[in-house]
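We use all heavy atoms of the structure for the numbers below, so side chains are in, but hydrogens, waters and symmetry mates are not.
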Amino acid sequence: MPKELEKQYNPHDIESNIYRIWTESGFFNPDNLPPRHTKPFTIVIPPPNITGSLHMGHALNATIQDILIRKRRMEGYKTLWLPGTDHAGIATQNVVEKQLKKDGTSRHTLGKEKFIEKIWEWKEQYGNTILEQLKKLGSSLDWSRTRFTMDDDYQEAVKEAFLHYHKKGLLYKAEKVINWCTRCATSLSDLELEYEEVKSKLYYIKYPIKNSKDYITVATTRPETMLGDTAVAVNPKDTRYKDMVGKTLILPIHHRDIPIIADEKVEKEFGTGAVKVTPAHDLLDAEIGERHNLPILKVIGPDGKMTTEAGAICNGLKVNECRKKVIEALKQEHAFEKEEDYTHNVARCHRCATPIEPMPSMQWFLKMKDLAQRAIEEVESGRIVFHPKRWEKVYFDWLKNIKDWTISRQIWWGHQLPVWYCMQDQTGRISNSQFPISKPMSKNENLKLSAEGGSAFGGKIENSSADEQFMVSLKKPEQCPFCGHCKMEQSADVLDTWFSSALWPFATLGWPFDFAQGKPKPGSNLATYYPTQVLSTARDIVNLWVARMIFSGMEFMGDKPFTDIIIHATVLTKDGKRMSKSLGTGIDPMTLIEKYGSDATRFGLIWQTMGNQDVHWSEEHVRAGKKFLNKIWNASRFVLQQIGISNEQFLISPPEADLPQADNQFPKSNSQNITSSDKNVLERFEHTKKTVNMHIDTYEFGHALHELYDFFWHTYCDTYLEHIKTTDKEESKKVLLYVLSESLKLLHPFIPHITEHIWAMLPHKDKKMLIIEEWPE
RNA sequence: GCGCCCGUAGCUCAGUGGUAGAGCGUUUCGUUGACAUCGAAAAGGCCAGAAGUUCGAUCCUUCUCGGGCGCACCA
């Protein structure tokens with residue numbers, strides 16, 4: 001029994017059916033596109049974390065990319081939109097750890113090997129959730145090319161990149177003061193911190209001058225670190241302290257002698273103008289300490305507890321407990337002057353919000369200066385363009401003040417460094433136990449442990465007193481080149497997640513396997529689809545990810561990874577708050593899709609995307625989208641009636657040859673056989689077509705959609721369609737069908753399901769799919 | 001401290017150097033061709049405030065206030 005076309009458009013069955021038809025057509029894979037599709041157009045998706053589920057930002061971003069991809073595909077480009085996921089080192093490790101905790105166990109109980117197995121299991125189970133959700137949104141991704149940053153070949157690419165940097169002398173290993181998360185037990189780069197304003201106290205402490213009754217008062221927010229002070233610094237121009245520079249102070253509690261030094265970096269205006277210097281636990285102090293050759297006392301351990309160096313008073317205590325003890329002791333010594341309320345920013349781990357402890361640690365660093373310079377040049381020259389352009393400033397600000405990148409992490413989930421250590425110490429004994437691979441790091445052990453070092457094959461050691469020897473190698477060396485007989489052990493450290501995702505635009509396309517003699521192998525995916533054209537992403541990873549892809553692309557491919565960077569709006573709640581699952585302020589796009597359908601959801605998202613930094617989310621626009629879809633649906637039903645096919649007829653038999661054809665090129669609008677309102681709608685359509693093309697090409701998606709909405713509803717339906725007369729000529733009916741079908745094409749990138757569905761009902765000479773139909777230029 | 005975005009109708013937002021628009025909401029009217037998830041119409045805004053440039057500013061400049069954000073500082 002043929003079904004009547006229902007009065008109301010009901011998206012649900014239609015959308016899933018349409019997506020199935022697309023998938024079966026194979027046209028998401030550029031290899032399957034018809035010969036008309038020649039010039040490549042590539043977008044690689046920002047790989048979502050395997051821990052993630054689709055949020056509004058993803059949904060908006062995917063819609064933007066899908067719009068561009070679908071338009072290009074219709075224009076005849078050989079279009080590739082490449083999907084995949086990121087292993088997301090710390091984030092994933094934390095999520096799986098939490099799950100283990102629920103099950104009453106821990107990663108330490110399991111051990112490294114079992115824990116990593118668990119993560120893989122977890123990934124198999126949940127890791128593709130977000131990709132499935134992207135399908136529900138209608139994303140025309142080439143699923144046959146799905147990649148994961150921990151795929152075997154991707155792992156090879158990461159090792160290759162590390163080796164490349166090593167050979168070039170851009171990598172070094174050094175003990176420096178770095179950002180340490182005591183909960184995640186790993187180093188972090190500067191970009192992996194977030195700052196939070198905290199109301200706390202500024203404590204004033206008196207440091208007595210040796211052999212004198214005078215003292216200097218210093219101000220600090222962290223009195224506990226005074227246990228590791230090795231100097232007090234003042235500004236050289238500060239007249240108050242001019243005579244004191246060079247004198248010796250007696251550090252309270254420990255009663256050690258420490259010098260008064262002068263350093264330009266000290267602000268005269270802050271506090272008392274005198275700074276206690278703790279080179280081990282503050283970045284600025286480390287810098288001052290280095291300039292003045294101050295000793296380094298590590299009083300806080302990697303576990304966040306005070307070390308033996310802190311002395312009996314606090315040994316083994318947590319930082320906060322130690323603070324109380326220290327203040328108490330200072331008061332007893334009459335060294336405590338006062339405390340004041342003070343608000344300042346505290347750095348936290350962006351994955352677990354634990355306050356960061358700066359501390360000296362042996363880590364691997366990537367020299368950034370030259371890499372950054374090339375990344376700067378690509379954008380300065382205009383070879384890469386940000387949209388909106390203002391984001392270039394954020395990019396430049398970071399790159400122009402770049403510091404070396406701490407790339408090693410002490411977590412378990414990730415790309416292990418391809419670094420191999422000789423297991424024999426200098427006395428000739430085999431010392432496997434010195435480098436426990438799967439043993440949890442605890443307390444001070446970590447510092448010892450990460451003091452693994454040594455040099456071989458260009459491996460550079462700076463600042464290291466260790467004499468271990470290592471080599472960098474893609475494969476486990478069969479024989480130790482140092483002692484000749486030990487079983488070499490691989491470094492336990494893994495790489496920063498962003499080190500691997502920096503390779504995404506080319507590692508997903510076949511690098512390094514399809515790359516030889518400085519260029520991609522002819523005919524390879526890498527040759528065809530790299531460089532990509534557009535990258536669309538969120539603003540918070542401009543430097544974390546985008547900048548790093550750019551210098552990586554330049555370094556490994558000798559070419560930029562993309563030309564246009566879209567930094568899309570951030571979707572906030574209606575009152576401008578951050579959408580957050582834990583705060584309950586998040587909107588789940590999947591709920592919207594269930595409620596209104598995918599097309600309406602896409603409509604709602606794009607409708608609100610007008611070039612601002614933020615979108616204040618409002619569901620009413622999704623409802624408006626649903627109504628609009630209904631309007632399109634009914635207008636199409638009406639047109640089908642007008643052109644002489646009853647619904648039943650249409651569903652029973654294919655269109656007659658002499659019916660107006662949807663793929664007819666309509667005659668010029670000055671045709672004498674048409675009415676003035678025909679001419680009017682044709683002219684208005686021409687205008688809309690131009691405007692829409694312009695807006696999409698300049699990434700103004702909201703404007704494009706508004707234009708289409710206005711045209712279709714108010715011009716095509718309200719002023720044209722409402723006034724069609726049955727007595728109108730056949731040519732007028734052709735106009736009716738022509739404008740509908742061309743409008744459907746323009747609408748298709750935005751609301752692909754309904755347009756595809758209606759397209760299939762229109763009379764065609766040949767059945768074609770809208771995703772490969774020609775775009776109205 | 002430096003910088004970015006924003007402040008236009010009740011709400012969410014467009015917009016232009018010549019005193020303003022959409023969607024939703026509100027009010028009134030309207031079902032003989034598809035759509036009541038509809039059509040026609042209406043009400044509703046000293047375009048945050050101040051000063052300046054200009055013949056003329058919501059639109060340009062500066063400042064102030066308010067909201068959001070980034071970077072730096074964060075002793």
Side-chain angles (χ1 to χ4, degrees), chain A residues 5-10 190-191 194-198 200 202-205 218-223 225-226 229 232-234 263 265-267 269-278 281-285 288 342-347 388 390-394 396-398 401 539-540 542-543 569-570 572 574-578 596 600 603-604 607-642 647 700 702-703 705-707 709-710 713-714 717-719 721-726 736 740:
Chain A
L5 285 181
E6 291 171 30
K7 279 168 83 172
Q8 262 97 52
Y9 175 64
N10 184 351
D190 295 341
L191 292 176
E194 51 192 34
Y195 292 88
E196 193 194 14
E197 201 166 80
V198 167
S200 84
L202 191 58
Y203 301 92
Y204 289 79
I205 309 172
V218 300
T220 179
T221 52
R222 302 200 58 189
T225 61
M226 62 86 64
D229 281 3
V232 165
V234 296
D263 195 284
K265 283 280 173 129
V266 179
E267 299 283 341
E269 289 73 27
F270 190 91
T272 61
V275 195
K276 57 187 275 316
V277 183
T278 321
H281 300 291
D282 182 281
L283 256 57
L284 179 65
D285 290 8
I288 294 174
Y342 183 63
T343 304
H344 66 136
N345 288 321
V346 172
R390 67 179 115 88
W391 292 104
E392 291 179 3
K393 191 172 156 32
V394 173
F396 289 137
D397 282 351
W398 184 65
N401 299 295
R539 63 165 173 252
D540 48 350
V542 164
N543 293 322
T570 301
L572 302 174
K574 194 160 186 165
D575 46 352
K577 299 262 159 53
R578 203 173 176 75
Y596 302 102
F603 179 99
W607 184 263
Q608 298 179 68
T609 303
M610 302 298 289
N612 252 325
Q613 277 201 165
D614 303 326
V615 163
H616 288 208
W617 175 258
S618 176
E619 195 170 311
E620 77 194 42
H621 299 117
V622 183
R623 288 192 287 271
K626 191 162 192 255
K627 282 165 72 173
F628 184 47
L629 299 182
N630 197 58
K631 190 74 182 175
I632 295 169
W633 177 251
N634 280 294
S636 304
R637 287 174 62 209
F638 179 67
V639 171
L640 284 168
Q641 281 182 17
Q642 288 301 303
N647 301 327
E700 302 268 14
H703 285 99
L705 185 57
H706 280 252
E707 173 69 26
Y709 179 94
D710 272 353
W713 200 310
H714 298 123
C717 291
D718 291 348
T719 58
L721 213 149
E722 290 275 354
H723 301 107
I724 289 280
K725 294 187 188 69
T726 44
L736 193 63
L740 173 70

Subject >> Asn345(A) side-chain proximity, nearest of rC73(B), rC35(B), rU12(B) >> reply: rC73(B)
Original post:
Who passes ring pair (Phe, Tyr, Trp, His ring centres under 6.0 Å) against Trp617(A), sequence neighbours left out?
Top reply: none
Original post:
Does Lys7(A) have any salt bridge (Lys or Arg N to Asp or Glu O under 4.0 Å) partners at least two apart in sequence or in another chain, and if so, which?
Top reply: none
Subject >> Listed partners of Glu707(A) passing salt bridge (Lys or Arg N to Asp or Glu O under 4.0 Å), at least two apart >> reply: none
Subject >> Contacts of type ring pair (Phe, Tyr, Trp, His ring centres under 6.0 Å), residue His714(A), not counting sequence neighbours >> reply: none
Subject >> Phosphate OP1/OP2 of rC13(B) contacted by His616(A) side-chain N/O (<4.0 Å) >> reply: yes
Original post:
Residues in salt bridge (Lys or Arg N to Asp or Glu O under 4.0 Å) with Asp710(A), at least two apart?
Top reply: none
Subject >> Rounded interatomic separation in angstrom, taking CG from Asn634(A) and P from rA36(B) >> reply: 7 Å
**OP:** Report yes if at least one side-chain N or O of Lys7(A) is closer than 4.0 Å to OP1 or OP2 of rC35(B); otherwise report no.
**Re:** yes
Original post:
Which residues pass the salt bridge (Lys or Arg N to Asp or Glu O under 4.0 Å) test with Glu196(A), sequence neighbours left out?
Top reply: Arg348(A)
Original post:
Within this structure, what is the OH-to-C1' distance between Tyr195(A) and rC69(B), rounded to whole angstrom?
Top reply: 16 Å
Original post:
Can you tell me if the side-chain N/O atoms of Asn612(A) get under 4.0 Å from OP1 or OP2 in rC6(B)?
Top reply: yes
Original post:
Hey, does the side-chain of Glu722(A) have a donor or acceptor N/O within less than 3.5 Å of a partner on the base of rC35(B)?
Top reply: yes
Subject >> Spatial distance of atom CD1 (Ile288(A)) from atom OG1 (Thr278(A)) [nearest 0.5 Å] >> reply: 10.0 Å
Subject >> Spacing of the P atoms in rG25(B) and rU12(B) (rounded, Å) >> reply: 15 Å
Subject >> Under 4.0 angstrom between Gln8(A) side-chain N/O and rA36(B) OP1 or OP2 >> reply: yes
Original post:
Can you check the Asp614(A) CG to rC5(B) C1' distance for me, whole Å?
Top reply: 7 Å
Subject >> Residue whose closest nucleotide on RNA chain B lies nearer the 5' end, Ser636(A) versus Tyr342(A) >> reply: Ser636(A)
Subject >> Side chain of Leu721(A) (C-beta onward), nearest among rU37(B), rA34(B), rG33(B) >> reply: rA34(B)
Subject >> Side chain of Phe638(A) (C-beta onward), nearest among rA14(B), rA34(B), rG39(B) >> reply: rA34(B)
**OP:** Give RNA chain B the dot-bracket treatment, 5' to 3': Watson-Crick (N1-N3 with N6-O4 or O6-N4) or G-U (N1-O2, O6-N3) under 3.5 Å, [ ] crossing, | other strand.
**Re:** (((((((..((((.......)))).(((((.......))))).....(((((.......))))))))))))....
Subject >> Nearest-Å distance for atom pair CG/C1', residues Asp263(A) and rC73(B) >> reply: 16 Å
For nucleotides 22-24 of chain B, give me every protein contact, N/O to N/O, under 3.5 Å, one pair per line with atom names.
unit_1	atom_1	unit_2	atom_2	d
rG23(B)	N2	Glu620(A)	OE2	2.5
rC24(B)	OP1	Lys627(A)	NZ	3.3

**OP:** List in chain and number order the residues that pass ring pair (Phe, Tyr, Trp, His ring centres under 6.0 Å) with Phe603(A), two or more places apart in sequence or in another chain; answer none if no residue qualifies.
**Re:** Trp607(A), Phe628(A), Tyr709(A)
Original post:
To the nearest Å, how far apart are Arg539(A) CZ and rC71(B) C1'?
Top reply: 14 Å
Original post:
If you take atom types as modelled and just measure distance, does the side chain of Lys393(A) reach the base of rC4(B) with a donor-acceptor pair under 3.5 Å?
Top reply: no
Original post:
When you check the gap from the basic side-chain N to the acidic O, do Asp614(A) and Arg539(A) get nearer than 4.0 Å?
Top reply: yes
